[in-house]
Each structure stands twice: as structure tokens, then as C-alpha cells.
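Before any comments, here is the structure.
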Protein chains: 2
Amino acid sequence: MDIGKKLKQVRKARGLSQRELAARAGLTNGTISLIEQNKTSPSVASLKSLLDAIPMSIAEFFTTIEESGSAKYFYRADEFTEIAPLGDAGGVSLRQLGNAMTHTLQLLDETYPKGADTGPELLCHAGEEAGIVISGQIEITVENQVRVLGPGEGYLFDSRLPHRFRNPGDVPCKVISACTPPTF
Amino acid sequence: MDIGKKLKQVRKARGLSQRELAARAGLTNGTISLIEQNKTSPSVASLKSLLDAIPMSIAEFFTTIEESGSAKYFYRADEFTEIAPLGDAGGVSLRQLGNAMTHTLQLLDETYPKGADTGPELLCHAGEEAGIVISGQIEITVENQVRVLGPGEGYLFDSRLPHRFRNPGDVPCKVISACTPPTF
DNA sequence: AACATGTGATCAGGATTTTAAACGCCATTT
DNA sequence: AAATGGCGTTTAAAATCCTGATCACATGTT
């Protein structure tokens, strides 16, 4: 976990000196020097100040820092991260594999409880999306087409088309889906 | 940037008390209390210790904190088209949703019979791929990492890395996977 | 050559985090 | 009801981070 090396790297990439960055971040050059030599572990507050001045998000900083170690390819079931759907959609669960920020492909484990609905305000975002129903039933509206899909059935369309998901059945519906690029 | 709230959230999600987490992380309960109340900004070293004990990567922690006419969209189960894997891989079944040629996203319903193996001639092609195991077990090799995944577990990696799939179990393994761009 | 300016590194001291122990609260047990 | 044990919070002291000044070195200017 070589924070110093990474900080130096992003600072240099911006063509900033320790003093310049320090001034922008409201810290001192000495602090940056110590951090870059890993002689101190900065507080999150300090690191955030520095990255705000770069600028770079803390998440991006750490995703690229952790990649330089042993890359992460595999995920336990509990490592899927729950993400929030756009607007509350009646208890829909969207569990995303990994950290989509750093990838062009997003895989989701979706669960639509009985009656769940992404709402009539049809969604719109760039990319393509596809999925397959594992269990239960899901009613999907794309553009002017509506269809109810059951286990083993799938969908594939351009995400820019207005679309909507709704569970018309009495049991939860589970869907594995993929999007490209990530949209949330 | 409410680190305290987020830390409390992930700690609770794991069902850990401040003391339990402190013990695992090599810190004290008081520290965690102060952090969760945002009365101090933890050093990155401390935060990493805490997240290692959760466990959760720092990157993941911060990504979730910062807050037609007759187009074909739907597919019956029998409309998935069987495609051939590169070389015979011991009876692997790859069933593709739709005609990937016209899309940037490819969704596959894969079945690996007992003993199936994509072979030691590790695959290499452009794009990213991800998947989730529905049933059975699959051993996946990516670069120099090997891992056996079971139901609910997933993978996500750059397809240019050499990789290999093998079913080491006694029952068929079913995987839903996505690739971008299509590679077969 | 002497000077000015820029770089990153170092050091004592002040500021902040972290510890270790005590505190108050609530629930369960004796 | 008193005692026990778990919870999160608080507090003084120890450990660590951060500052402000200084140092050594490099580069370019007069």
C-alpha cells in the first residue's frame, strides 16, 4: 500500500511541485514530503485536501493504488455491493459485482420483490444492457414493446431507449444483468 | 464526506461491535467511537486496518461514500444460440443471447459439464468479461491467480489477461457471463 | 563566480490522533 | 434489587501527524 509513491505519481502527472500542491491544498510542503516518503500515514482529511487540489477522487486514488498490487478478479457473494436504483423502485435490490468505476463492464445481481417497479418515468442512459431471468417473472418495457419474461428468458437493448422493469408476479424475481458502460 | 456514518454502516452490516472490530483491527474501541462521530479524521493507516478487518477495500469504501419498430429486445430460452468455444473444451455449452455481431455487449448462459476445461492454452482476446456462478463449482485461472467459485460468487477481469475455466466438481456448473466487446 | 530561484528533505515544536481506563446506560442474571 | 456483562462515549496521557523554518542541492541569471 504505497501511498507515497502514488501521491507523487499523481502530483507529477499534474506538473505540480510539493509546494504548489501544498498551497492549493492548504497544507505544507514538508507534510507532502513526509507522506511521499511514507514516513507518515496522512489523515483521511489531509489526503482528501491533497486530492481535491489535484483534482482526483479518493475512490479513484485507491482503485488505482490497489490495482498496482495483486489485481482483484474474484468476488465472494458478500462482496457484491448493493447500489441504489434511480429513485425508489419498490424495494428493488441491485447488487453490483466489484467496483464499476474502474471497468467498462458492469454485472448486476438484481432482485425485484413482488410488485417492484422502476417506475413509469422510463429510464434513459448511454450504453447497452442485457440480462437473463433466473427465477420469477419480470415485465420489461422497451420503447413501445412490453413483454413478460420468465426463467431462462433474456433481454438485450440499447440503454438509450426508454425502458422499465416491473415484477407483476407474486414471488420475487431474480435477474442477472450486464451493462456497458456502467451507468450508476 | 461522512466517514463516520459510513464506517458505522459497514461495521453494523457485519454485525460487529466497536470492541470486536477494534480487536480485529488492532485498534481500540474509543478510536472507532471517535471516528464514527467524526470527531477525528483517521489516518489512512488506521482506516485501512479497520477495513481489512471488515473486510472491505478502501476503494470500495470510498466509491460508496461519495455519494422501435420491429427491433428485437426479448428472447425466449430456446432463442439463445449455441456457439462453439475456441477448440473443444470437454463439452462446454455457451448459449449466447441474441446476435452479438450487432451489439457491444454479449450475454452468455454457460454450462460446464463435469470435468470440462477450456484447456491449458490460456485464452486471450480484447475486452472485459464478468460472470456469476448460478450452480455448481468452477475453477478460474486469471494470470497467476486461481480460485474456485461457487453459487453467488463472481469474477470480473480484462480479457486480455490469460484465463482458463475448468469444472473440478462432479456436477455441471452453470454460469451467467457477460463480455464486452463480443469476442467469439 | 556570486546570486537568485526552485526543488525535495529534515527537525523541533505545536496540533491532532490514538490509547487505556473510566463512565453511564441498558439488558440479563443471581 | 444488586450484580454482571455488553454497549457506545468520554477523558487525560502517549503516540503520531502537521507546521514553519531551515538545510542541501540543482538550475539558470547577472
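These values consider heavy atoms only, across backbone and side chains, with no hydrogens, waters or symmetry-generated copies. The sequence lines fix the lettering, A, B, ..., with proteins before strands; numbering per chain opens at 1.
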Legend entry - Electrostatic pair B/Lys48:B/Asp52 at N-O distance under 4.0 angstrom: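 Looking at B/Lys48 and B/Asp52, the cut-off is met.
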
Legend entry - N-O pairing of A/Glu139 and A/Arg166 below 4.0 Å: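 Salt bridge present between A/Glu139 and A/Arg166.
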
Starting from [atom2] on [N], measure out to [atom1] on [X] and report it in whole angstrom.
X       : N      : atom1 : atom2 : result
B/Leu16 : D/dG6  : CG    : P     : 15 Å
A/Asn38 : C/dG8  : CG    : P     : 16 Å
A/Leu27 : C/dA15 : CG    : P     : 16 Å
A/Leu21 : D/dT19 : CG    : P     : 12 Å
B/Glu36 : D/dG8  : CD    : C1'   : 9 Å
A/Leu34 : D/dT19 : CG    : P     : 10 Å
A/Gln18 : D/dT19 : CD    : C1'   : 14 Å
B/Ile32 : C/dT18 : CD1   : C1'   : 12 Å

Inset, instruction - Test B/Ile132 against A/Asp109 for side chain to side chain contact (heavy atoms under 4.5 Å, CB included), laying out the working first. - result: CA-CA 8 Å; B/Ile132 180 171; A/Asp109 178 349; 3.9 Å; yes

Legend entry - Option among A/Gln9, A/Lys8, A/Arg11 that satisfies the side chain to side chain donor-acceptor pair (under 3.5 Å) test with A/Glu36: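 One option only clears the test, and that one is A/Arg11.
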
Inset, instruction - Scan A/Lys39 against the nucleic acid and name what it touches under 4.0 Å (heavy atoms): base, sugar-phosphate only, or nothing. - result: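 Touches sugar-phosphate only.
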
Inset, instruction - For A/Ser33, answer base if it contacts any base atom (sugar-phosphate contacts may also be present), sugar-phosphate if it contacts only those atoms, and nothing otherwise; contact means non-hydrogen atoms under 4.0 Å. - result: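 If one applies the 4.0 Å heavy-atom cut-off, A/Ser33 turns out to touch a base.
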
Heavy atoms from C-beta onward define the side chain here; which of [options] lies closest to that of [X]?
X       : options               : result
B/Gln37 : D/dT10, D/dG8, C/dG8  : D/dT10
B/Ser46 : C/dG8, D/dG8, C/dT18  : C/dT18
B/Pro42 : C/dG8, D/dT19, C/dT18 : C/dT18

Legend entry - Helix axis bend for the helix from C/dA15-D/dT16 to C/dT30-D/dA1 - C1'-based end axes, five pairs, 10° rounding: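 Taking five pairs per end, the axes differ by 0°.
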
Legend entry - Non-hydrogen atoms of B/Leu149 and B/Gly154 that approach each other most closely: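 Shortest heavy-atom separation between B/Leu149 and B/Gly154 comes out as CD1-O, 3.4 Å.
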
Inset, instruction - Using a cut-off of strictly less than 4.0 Å, decide whether A/Ser43 has a side-chain nitrogen or oxygen near OP1 or OP2 of D/dC18. - result: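 For D/dC18, OP1/OP2 do have a side-chain N/O of A/Ser43 under 4.0 Å.
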
Legend entry - B/Thr40 vs C/dT18: side-chain N/O to OP1/OP2 distance below 4.0 Å: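 Indeed, a polar side-chain atom of B/Thr40 lies that close.
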
Legend entry - A/Ser49 and A/Ser46 side chains, donor-acceptor separation under 3.5 Å: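 Not at all, the side chains of A/Ser46 and A/Ser49 share no donor-acceptor pair under 3.5 Å.
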
Inset, instruction - Classify the angle between the aromatic ring planes of A/Phe165 and A/Tyr155 as parallel (below 30°), tilted (30 to 60°) or perpendicular (above 60°). - result: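 A/Phe165 vs A/Tyr155 ring planes: perpendicular.
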
Legend entry - Any side-chain heavy-atom pair of B/Cys173 and B/Gln137 under 4.5 Å: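 No - every pair of side-chain heavy atoms lies 4.5 Å or more apart.
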
Inset, instruction - Could you pick out which residue, A/Glu20 or B/Ser41, lies toward the 5' side of DNA chain C when each is mapped onto its nearest nucleotide? - result: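 Closest to the 5' end, via its nearest nucleotide, is A/Glu20.
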
Dump the pairs, protein N or O against N or O of nucleotides 20-28 of chain C, anything under 3.5 Å, distances to one decimal.
none

Legend entry - A/Phe61-A/Leu21 co-clustered via ILVMFWY side chain contacts under 4.5 Å: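 Result: yes, single cluster for both.
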
Inset, instruction - Give the intermediate values and the outcome of side chain to side chain contact (heavy atoms under 4.5 Å, CB included) for residues B/Asp117 and B/Asn167. - result: CA-CA 6 Å; B/Asp117 191 344; B/Asn167 180 355; over 6 Å; no

